Amino acid sequence: MERIKDVLAREPGVEAGAVRVGGWVRTRRDSKAGFSFVEINDGSCLASLQVVAGRDLPNYERDVLCLSMGSSVAVDGVLVASPGAGQKVELRATAMEVIGRADPETYPLQKKEISYERLREIAHLRPRTNTFGAVLRIRGELAYAVHSFFRERGFICLHSPIITTSDCEGAGAMFRVTTIDPGAPPRRPDGAVDTARDFFGASAYLTVSGQLEAEACACGVGRVYTFGPTFRAENSNTWRHLAEFWMVEPEMAFADLDADAQLAESFIRALACHVLANCGAELEFFRKRVDDGVVKRLESAATKPFDRMTYTEAVERLKASDRKFEYAPEWGGDLQSEHERVLTEICGGAVVVTDFPASIKPFYMRRSEDGRTVAAMDVLAPGIGEIIGGSQREERLDALEQNMRERGMDPANYGWFLDLRRYGTVPHAGFGLGFERMVQFCTGMRNIRDVIPFPRTPGNAEF
RNA sequence: UCCGACGUAGCUCAAUGGUAGAGCGGGUGGCUGUUAACCACUAGGUUGCAGGUUCGAGCCCUGCCGUCGGAGCCA
C-alpha cells in the first residue's frame, strides 16, 4: 500500500508501474460514457488522488456507482498523466475494492463547509477533513521538532510524573486522583475523610506542571525537558484554555534569566522554521482558508529577533500609547490580555517581557536585587498572547523559604524541593511552552479545542 | 465563574403572536473527461428541555441544559 503523498510525487508513465493505495472517498462524479471519477484521500497530505474507474471493472455497477463520501476503498491501478485540468496525474483503476461503506443518509461530513463547533461534536470524524488533517500533520511535525531541538542542544528528555502529591501553590486548581469510594470513604475518628488511607497514602492529584521534578533532574544532569500532558481543573472557557493540554518544560542548571530568554527565543524560532520548511502545503491551506496572516507571523518569528523589554518598560509603553483600555495598565497589576495584544502590535511581532513584580508571580521565582521584582519572563506571540512563561528559579535557601512564608506556605511541606537548595545549589532556569498555543500560532486556528485531537474542557470529556 | 448573544429539516439559516420555509446535503431521472459540476422531480420537523401567559406561542415570561463571543485564571 502506497501513501497518496508519495504517489502524487511520482512521474506518470510506464516506469511508474502498478500502484496500490487505500483511503477514503471524498467525492464521486459519474460520466455517462461509462466511467467515474473517484477522489481518494488518505490523510498523508492535503491533496486527494483522482481515480478513474471504468465499466470494465467487474464490480463497477455494483460497487463503484454506490461509492459516497466517507467510504473506504483500496485501489490498484496505473498512474497516468491526467488529460483534465486540476491535477497532473490520475490513477487508472484496474481493481477497486470497497472495504467499508458510509451511508450518505447518515454520514455527518459533507462536501459543504462544516462549522468548527459542529466538527467538535463529531471529533472522531474530524481527522477526515482537510482542516483537521492539516492540523494533525502540523502538530506531529511540531512534536518532532521539539524533540530534535532539545536533543541537538544536549537536553535529556524527562518523563516527569503525571500523578503527584505536591500541591504546587498558585498553579491552579487540581484534579484529585483517588481510589476512595465516594459512597463509603474511610473516616478518621473525628469524622473527616481519612486521605492517609487512600491509594498513595496521601491526597494525590494530576500534575499541573513537571517543573519541580524537572528542577530536581536538571540539578543532576544539567539540562532536561519534559513534554507531556498537564491538567488544570479551572472552570475556564476560552479560546486558549483546556483542562488537559500538553506542555514543554525545559530546565537548565547553571543558567540565568538571560540564558532562559535566549533559549525560549531560539526554541520558538526553530519550531517556526521547521513548520515553514516542512509543511508548505498545509501553511498555504491555512493562509487561504483560515487566517491570511499566519505565514507572515511565522516568517517574522523565524527571522526577526524578538523585542525584549522589562515589565516596567512594558507598562510605561502601554501608558504612553493612545490605546483605550478596559483595564488601565498600572505597575503591580497583571498584564491583561488586551495589554499583551497591544504590546505585540507595538513591537510588530513576538516580544519577551521580563522582570515582573514579585507580588504577581509564584514563590519559586528568583528575587532580584531591587527587592520588588523577580527574574521572570513571558514570551508574547502575536495573535496568541502568552505562549511561554518562565523564570530563573530561586536557588538561595533562605530567600525561597522567605517567599513561601510570605505566601502562607509551610516550608516543611516542601522538604525535597528545599533539599535541592540545601545541598549543592546552583542557579537554574526554565520555562513552559503551551504546545497547543504553538499549534494555534502555526495554523491560525482561533480555538484551542480545534488543535488537539480530543479536547477536554469543563463539561466535555467525550471521545 | 461573570457579562452578552444564540438554540427551527442531516448541515447553514429564514419565518409582525395567526397554515413552519429556502439553500446545501440525501433519493430518483436527465446531461457531461468530470473536478464547489449542472437541470428537473422528490422525501425530510416533538422549533433544546420543563413549566407559564394567551382563543392561539418557533416568537412573550420563568427555570434548566447546551453552544459561541468577551473577561478572569493561566500555558
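All figures in this text were calculated on a predicted structure; none of them were measured in a lab. Chain letters run A, B, ... following the sequence lines, proteins first and then strands; every chain starts at 1.
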Report yes if some heavy atom in the side chain of A:W331 is under 4.5 Å from a heavy atom in the side chain of A:R372; otherwise report no.
-> yes
Heavy-atom check, side chain of A:L298 versus side chain of A:C442, under 4.5 Å |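 Yes, their side chains come closer than 4.5 Å.
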Does any N or O donor sit under 3.5 Å from an N or O acceptor when you compare the side chain of [X] with the base of [N]?
X	N	result
A:E90	B:G33	yes
A:Q87	B:U35	yes
A:E234	B:U1	no
A:R437	B:C74	yes

Side chain of [X] (C-beta onward), nearest among [options]:
X	options	value
A:Q50	B:U34, B:A75, B:A71	B:U34
A:S236	B:C68, B:G72, B:A75	B:G72
A:R118	B:A75, B:C11, B:G33	B:C11
A:S82	B:G72, B:G33, B:A75	B:G33
A:R29	B:U35, B:A71, B:C74	B:U35
A:N237	B:C74, B:U34, B:U1	B:U1

Ring centres of [X] and [Y] under 6.0 Å apart?
X	Y	answer
A:F417	A:Y364	no
A:F149	A:F267	yes
A:Y225	A:H147	yes
A:Y327	A:H339	no

Mind calculating the distance between [atom1] ([X]) and [atom2] ([N]) to the nearest angstrom?
X	N	atom1	atom2	result
A:R341	B:G72	CZ	C1'	15 Å
A:R240	B:C73	CZ	C1'	10 Å
A:Y116	B:G69	OH	P	12 Å
A:D103	B:G25	CG	P	17 Å
A:R449	B:C68	CZ	P	5 Å
A:D30	B:C31	CG	P	13 Å
A:R92	B:U34	CZ	P	14 Å
A:Q211	B:C74	CD	P	14 Å

Distance, [atom1] atom - from [M] to [N], rounded to whole angstrom:
N	M	atom1	value
B:U42	B:A22	P	11 Å
B:G48	B:G56	C1'	23 Å
B:C74	B:C6	C1'	28 Å
B:C55	B:G69	C1'	41 Å
B:C60	B:A5	P	12 Å
B:U47	B:A57	C1'	11 Å
B:U54	B:U62	C1'	16 Å
B:G7	B:A75	C1'	32 Å

Tell me whether the OP1 or OP2 atom of [N] has a side-chain N or O from [X] closer than 4.0 Å.
X	N	result
A:S115	B:U12	yes
A:S31	B:G33	yes
A:R26	B:U35	no
A:T106	B:G26	no

Which is true for [X] with a 4.0 Å heavy-atom rule: it touches a base, it touches only sugar-phosphate, or it touches nothing?
X	result
A:G84	base
A:P104	sugar-phosphate
A:W239	sugar-phosphate
A:N447	sugar-phosphate
A:I387	sugar-phosphate
A:Y327	sugar-phosphate
A:T238	base
A:E338	nothing

[N] pairs with which nucleotide, Watson-Crick or G-U wobble, both distances below 3.5 Å?
N	result
B:C60	B:G52
B:A9	none
B:G4	B:C68
B:A75	none
B:G27	B:C41
B:U32	none

B:G33 base stacked by A:F37? Criteria: ring centres under 5.5 Å, plane angle under 30°.
->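 The base of B:G33 is not stacked with A:F37 (the test needs centres under 5.5 Å and planes under 30°).
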Pick one: which of A:E406, A:E395, A:E394 meets salt bridge (charged side-chain N to carboxylate O under 4.0 Å, His left out) with A:R367?
->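 With A:R367 as partner, A:E406, A:E395, A:E394 yield a single salt bridge (charged side-chain N to carboxylate O under 4.0 Å, His left out), made by A:E406.
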Mapping A:G389 and A:T457 to their closest nucleotides on RNA chain B, which lands nearer the 5' end?
->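 The residue mapped nearer the 5' terminus is A:T457.
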Check the surroundings of atom CG in A:D292: do more than 12 heavy atoms from other residues, nucleotides or ligands lie under 6.0 Å from it?
->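 Count not over threshold, so no.
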Answer with yes or no whether the side chains of A:S203 and A:R176 bring together a donor and an acceptor at under 3.5 Å.
->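 Their side chains do contain a donor-acceptor pair, which is all the 3.5 Å distance test asks for.
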